[in-house]
Amino acid sequence: MRRKIVAGNWKMNGSQDLVRSLVGDVKARLSGLDNGVEAVIIPPALYVESVKGLSGDSLGVGVQNVSQWASGAFTGEISADMAKDLGCDWALVGHSERRQYFGETDELVSAKVGRVLQSGLQVVLCVGETLEERERGEAKAVVSSQVASGLAGVEADQWSRVVVAYEPVWAIGTGKTATSEDAQSMHAEIRRVLADMGAPSEQISVLYGGSVKADNAAALFAEPDVDGGLIGGASLIAEEFVSICRSMPASAKD
Ligand SMILES: O=C[C@H](O)COP(=O)(O)O
């Protein structure tokens, strides 16, 4: 049975006031929800400790990025071990904004995945094609290659801590969402690539991200290979984020 996960990536948004109001509100609104969904908050790293303090064990907490290095003279970086030390459960790696604005290559992403798994954290590997790649008919080839290279170094006993998030770049923050059929088709392809790599593909959760909102989440989550969502803008509004969590069917994903 696969885990059902809804993770809110705050990106570079928030403040101490927002942490105090949003985390408490999300926690209260989620109470009693029994559809098996795991809710995760991924704030800017500076707010991880505050979020963790307010959420306790009721929400997972993650960081949006880690260094490829373990420690040392790398000014401005944070390590996976530090995130683990602060009580984080998760780290995102390879978000398209990291690839686009910070030049992260598949090789770097793979090194970061390795660091996250060595630290004992769980990793969400983000993959997705650009609009140009989709229009050229290359979407599946691009995403398959990102999955295969990003996870190339995963060891057999680490797969239980791996999640993949499919985020078509053209759908991020644009209000355009992949159709649930397109998402399902890509998620099935990701699962096929995982199986080819020798991973326990039926056990690995694959999340969809890209303009997920309360009004489109149910259709996406109804697809058999869509195990949850990676939510950007809508995760900054408690009611919206919790509605998305509530949109997950109670039935098992497997
Ligand atoms: O990490 C989250 C994704 O980039 C989706 O962002 P969005 O929901 O604002 O489109």
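Values below: all heavy atoms of this structure, side chains included; hydrogens, waters and symmetry mates excluded. All ligand and atom numbering here is 1-based and tracks the order in the structure.
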Proximity of Ser235 to ligand 1 by residue part, where a heavy atom lies under 4.0 Å: neither
Per-atom contacts, ligand 1 versus Ile172 - under 4.0 Å to a heavy atom: 4 (O), 6 (O), 10 (O)
Inter- and intrachain pairs under salt bridge (Lys or Arg N to Asp or Glu O under 4.0 Å), touching residues 208-218, at least two apart: none
Aromatic ring pairing Tyr166/His187, orientation class (parallel under 30°, perpendicular over 60°, tilted between): perpendicular
Taking atom 8 (O) of ligand 1 as the reference point, the nearest protein heavy atom with its distance: Gly232 N, 2.9 Å
Under the salt bridge (charged side-chain N to carboxylate O under 4.0 Å, His left out) test, residues paired with Asp81 that sit two or more places apart: none
Ligand 1 N/O within reach of Asn9 N/O, cut-off under 3.5 Å: yes
Contact check, Ala234 vs ligand 1, heavy-atom distance below 4.0 Å: no
Per-atom contacts, ligand 1 versus Ala171 - under 4.0 Å to a heavy atom: 10 (O)
Derivation of the side chain to side chain contact (heavy atoms under 4.5 Å, CB included) call for Met248 and Glu38: CA-CA 10 Å; Met248 181 67 70; Glu38 295 177 44; over 6 Å; no
Stepwise side chain to side chain contact (heavy atoms under 4.5 Å, CB included) test for Val164 and Val127: CA-CA 7 Å; Val164 177; Val127 296; 4.0 Å; yes
Ligand-residue contact atoms, ligand 1 with Gly210, heavy atoms, under 4.0 Å: 5 (C), 10 (O)
pair Asn9-Gln64: side-chain heavy atoms closer than 4.5 Å: yes
Nearest option to atom 6 (O) of ligand 1, as decided by whichever heavy atom of Lys213, Glu167, Lys11, Lys176 sits closest: Lys11
Check: Asn65 and Leu92 side chains under 4.5 Å, non-hydrogen atoms: no
Identity and separation of the nearest protein heavy atom to atom 9 (O) of ligand 1: Gly233 N, 2.9 Å
Short side-chain donor-acceptor distance under 3.5 Å, His95 and Glu167: yes
For Ser211, atoms of ligand 1 separated by under 4.0 Å from a heavy atom: 7 (P), 8 (O), 10 (O)
Under 3.5 Å: N/O of Ile231 near N/O of ligand 1: no
